[in-house]
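Structure first, then comments.
Side chains included, hydrogens not; waters and symmetry mates left out as well; all remaining heavy atoms used. So you know, we letter chains A, B, ... as the sequences are listed, proteins then strands, and number each from 1.
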2 protein chains.
Amino acid sequence: MEYLDQDTSNCSVGRAVGLVGQSWVLLILRDVTRGIRRFSDLQDHLGVSRSVLADRLGGLVDHGLLELHTYQEPGARRRAEYVLTEKGRDLYPLLTSLRQWGDKYLADPEGPALLATHHDCGAPVRARLVCDEGHVIGAPEEVDRTPGPSARPRPTADVPA
Amino acid sequence: MEYLDQDTSNCSVGRAVGLVGQSWVLLILRDVTRGIRRFSDLQDHLGVSRSVLADRLGGLVDHGLLELHTYQEPGARRRAEYVLTEKGRDLYPLLTSLRQWGDKYLADPEGPALLATHHDCGAPVRARLVCDEGHVIGAPEEVDRTPGPSARPRPTADVPA
DNA sequence: CAGCTAGGTTCGAAAGTCGAACTCAGCCGG
DNA sequence: CCGGCTGAGTTCGACTTTCGAACCTAGCTG
């Protein structure tokens, strides 16, 4: 059980939650992935307050998940558009895991509200746990957790200097 | 672009965010998955306030992600222990996606704090997008999104009754 | 029977979120 | 040139959530 004594404050899960666990962030990323890219369209679809939306979009740009592009169609005013960076696109597996879990446990009886299918073959898309040898992982019990290079021992109150 | 006019309020991503997107919930599930199962151990590892921890654990039990077991070792007081249900264990791919993304973009320079490896072969574990035909999905652009059985048209203000 | 521990609950203060109103710039019709 | 419209925010006071610290309660233990 010694890994329980590792500090989790620099665990990647914790850091990632700090970014994408803020309210509305995952929903913003879902909608941007769906092709909704403008401030007012996002506000319209999400129903979030403008102040929070502006704050979250700013944070996502600052952290490099989105880029703000301005473009101008002829005869129209300049408009802003938020597009995913690679860092943002790399969260798509996370969104898929979330959708998949929600479809299984929280969907309406008649089925999910959105189907994701492979563009090439039309088959449903899902997230799957695998190891680098190609084995499929079915349960958390099949996974060993060991401290990595940046693991720190947990600070204990009973060890004086 | 017609799928942009679907209502997203009953999308599984949104519902799932409503449950697991609450602050501390994913971190609680991470630690329970790691084997930390008692109230005070969780409070100790996470640094969350007791009131919020009690609220979140209660919510997770109510929603069937955790079960509260009480047990009594001989000569000791009765103690409580929170264990994952299948519904809770099924979030493990989500936690893995989160860890994987955090390891790639937010980890310390020397590497991640926690390594997850396959118990059978020792190879690193990762989440991967696949379709049911077995094709590996590399980018969100390879996925088609179509309205499912419970999709609703988006309420519009300009359609009178 | 006083003290300790596990597992909470209660409380006022601090932080976050809300909707509504306001700002600012560029385009448009008259 | 003037008033209005639209996109993209910012500001503001009310409301809600989260915080840390203190308190409570059972069941052991000396």
Side-chain angles (χ1 to χ4, degrees), chain A residues 1 4 9 14 17-29 31-32 35-63 66-83 155-158, chain B residues 1 4 9 14 17-29 31-32 35-63 66-83 155-158:
Chain A
M1 286 261 184
L4 294 184
S9 63
V17 166
L19 268 187
V20 303
Q22 292 179 92
S23 62
W24 298 106
V25 163
L26 285 174
L27 298 176
I28 290 169
L29 292 170
D31 278 2
V32 173
I36 301 169
R37 304 191 206 290
R38 289 191 297 276
F39 187 91
S40 44
D41 289 345
L42 288 166
Q43 208 266 322
D44 201 33
H45 272 80
L46 292 170
V48 60
S49 72
R50 294 175 164 282
S51 45
V52 170
L53 180 58
D55 179 77
R56 294 301 182 273
L57 287 172
L60 290 170
V61 169
D62 285 349
H63 286 98
L66 296 178
E67 276 175 1
L68 174 57
H69 293 178
T70 59
Y71 68 99
Q72 186 156 24
E73 287 175 2
R77 191 151 41 347
R78 196 142 57 146
R79 300 191 66 177
E81 159 177 83
Y82 292 90
V83 304
T156 48
D158 52 5
Chain B
M1 283 266 185
L4 294 183
S9 63
V17 166
L19 267 188
V20 302
Q22 292 179 92
S23 61
W24 297 106
V25 163
L26 284 173
L27 298 175
I28 290 169
L29 292 170
D31 278 2
V32 173
I36 302 168
R37 305 193 206 287
R38 289 191 296 275
F39 188 92
S40 45
D41 289 345
L42 287 166
Q43 207 267 324
D44 202 31
H45 272 81
L46 292 170
V48 60
S49 71
R50 294 175 163 279
S51 45
V52 171
L53 180 58
D55 179 78
R56 294 301 181 272
L57 288 171
L60 289 171
V61 169
D62 286 348
H63 287 98
L66 297 179
E67 275 174 2
L68 175 55
H69 294 179
T70 59
Y71 67 99
Q72 186 156 24
E73 289 175 1
R77 189 158 52 296
R78 195 143 56 143
R79 301 193 68 179
E81 160 177 82
Y82 292 90
V83 303
T156 47
D158 52 3

Problem - Leu53(A) CG to dG16(C) C1', straight-line distance once rounded to whole Å - result: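 Those two atoms, CG and C1', are 16 Å apart.
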Handout entry: Side chain Gln43(B), main chain Val48(B), donor-acceptor under 3.5 Å
Key =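 The answer is yes, because a donor-acceptor pair under 3.5 Å joins these two groups.
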Problem - Arg56(A) side-chain N/O to Ser23(A) backbone N/O, donor-acceptor pair under 3.5 Å - result: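 Confirmed, Arg56(A) side chain pairs with Ser23(A) backbone.
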Problem - Partner residues of Glu81(B) under the side chain to side chain donor-acceptor pair (under 3.5 Å) criterion, sequence neighbours left out - result: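 For Glu81(B), no residue satisfies side chain to side chain donor-acceptor pair (under 3.5 Å) once neighbours in sequence are set aside.
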Handout entry: Residues which pass side chain to side chain donor-acceptor pair (under 3.5 Å) with His63(A), listed by chain and number, not counting sequence neighbours
Key =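 For His63(A) there are no side chain to side chain donor-acceptor pair (under 3.5 Å) partners, ignoring immediate neighbours.
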Exercise for the section: Anything under 4.0 Å to a heavy atom of chain B counts; send over the first and last such nucleotide of DNA chain D, read 5' to 3'. Expected result: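 Listing 5' to 3', DNA chain D meets chain B from dT18(D) to dT29(D).
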Problem - Nucleic acid contacts of residues 17-25 of chain A, taken as heavy-atom distances under 4.0 Å to DNA chain C - result: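 Contacts with DNA chain C under 4.0 Å: Ser23(A), Trp24(A).
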Fill in the blank from the handout: Given protein heavy atoms under 4.0 Å, the one-letter contact record of nucleotides 3-15 of chain C, with B base, S sugar-phosphate only and - none, is simply --BSBBBB-----
Problem - Student check: side-chain heavy atoms of Leu29(B) and Leu60(B) closer than 4.5 Å - result: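 Contact flag for Leu29(B)/Leu60(B) side chains = yes.
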Exercise for the section: Find out whether Val25(A) and Leu19(A) are in side-chain contact, i.e. whether some heavy atom of one side chain is under 4.5 Å from a heavy atom of the other. Expected result: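 Side chain of Val25(A) against side chain of Leu19(A), heavy atoms only: no contact under 4.5 Å found.
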Practice task
Report the residues that fulfil side-chain contact (heavy atoms from CB on, under 4.5 Å) with Ser49(A), sequence neighbours left out, ordered by chain and then residue number.
Solution key: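 With sequence neighbours excluded, Ser49(A) shows a side-chain contact (heavy atoms from CB on, under 4.5 Å) to Ser51(A), Val52(A), given in chain and number order.
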Problem - Residues in salt bridge (charged side-chain N to carboxylate O under 4.0 Å, His left out) contact with Asp41(B), at least two apart in sequence or another chain - result: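 Asp41(B): salt bridge (charged side-chain N to carboxylate O under 4.0 Å, His left out) contacts with Arg38(B).
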Exercise for the section: With rounding to the nearest 0.5 Å, note down the distance linking CG in Leu66(A) to CG in Leu57(A). Expected result: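 So the CG of Leu66(A) and the CG of Leu57(A) are separated by 6.5 Å.
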Handout entry: Leu27(B) versus Gly14(A), closest heavy-atom pair with distance
Key =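 So the two residues come closest at CD2-CA, 3.7 Å.
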